[in-house]
Amino acid sequence: MDINAVNALSYEDFLEIFGNVIEKCPIIPAAIWIHRPFTGLADIEAHISDFINSLPESGKEGILRCHPDLAGRELQSGALTRDSQEEQRAAGFTDLQPAEVSRMRSLNSEYKERFGFPFVICARLNTKRDIMRELLQRLGNDRAAERARAIGEVKKICALRLRSLVLSDSANKL
Ligand SMILES: NC(=O)NC1=NC(=O)NC1=O
């Protein structure tokens with residue numbers, strides 16, 4: 001789907017397609033729709049980033065809280081969104097050993113205990129080993145630094161989701 005096709009979408013179709021580029025936060029694409037016509041993928045990303053950056057700390061932490069844990073309850077119960085299921089599978093979280101599952105569960109709860117929001121990382125850009133190492137390392141950050149780091153990861157997840165939505169369609173067109 002090229003950017004002209006994106007710009008021609010009705011609001012409903014735009015939200016249907018782009019509603020989950022930030023996990024379970026349709027308000028963000030709903031808000032940036034007003035900025036069309038977009039000049040390209042980078043323009044959509046920039047408007048999403050500006051919207052997120054404009055939020056107070058509580059809003060940024062709210063976005064983080066909309067993310068499912070990696071290898072968490074939602075994964076175990078099959079309650080993940082399609083995007084998240086695919087990302088967690090790609091990083092190797094769908095076939096963990098029981099010991100790895102409990103390790104992730106205790107690290108995730110230690111992190112949540114410390115920061116008040118879940119550990120978020122772009123799973124597609126990391127292996128499960130990288131992620132466990134990052135989780136341990138980031139536990140040492142202060143809250144403000146960790147909030148900023150996690151929001152940076154949300155933006156990476158969004159960028160990859162946008163690309164797969166827009167480019168995959170054009171790939172079909174080739
Ligand atoms: N807590 C998380 O980092 N969750 C996730 N990261 C991804 O890339 N997909 C997820 O579901």
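Counting convention: from 1, in listed order, for ligands and their atoms alike.
- Aromatic ring orientation, His35 versus His47: parallel (interplanar angle below 30°, classes split at 30° and 60°).
- Under the side chain to side chain contact (heavy atoms under 4.5 Å, CB included) criterion, Asn20 pairs with Glu23, Lys24, Thr81, Asp83, Arg161, not counting sequence neighbours.
- Residue pairs meeting the side-chain hydrogen bond (donor to acceptor under 3.5 Å, both in side chains) criterion with at least one member in residues 114-123: none, sequence neighbours excluded.
- Residues passing the ring pair (Phe, Tyr, Trp, His ring centres under 6.0 Å) test with Phe51, sequence neighbours excluded: none.
- Under 4.0 Å from any atom of ligand 1, one finds heavy atoms of residues Pro68, Leu70, Ser84, Glu87, Gln88, Phe119, Val120, Ile121, Cys122, Ala123, Ile157.
- Taking 4.0 Å as the cut-off between side-chain N and carboxylate O, Glu86 and Arg82 do not count as a salt-bridged pair.
- With Tyr111 as the partner, the side chain to side chain contact (heavy atoms under 4.5 Å, CB included) test is satisfied by one option alone out of Asp69, Leu135, Val120: Leu135.
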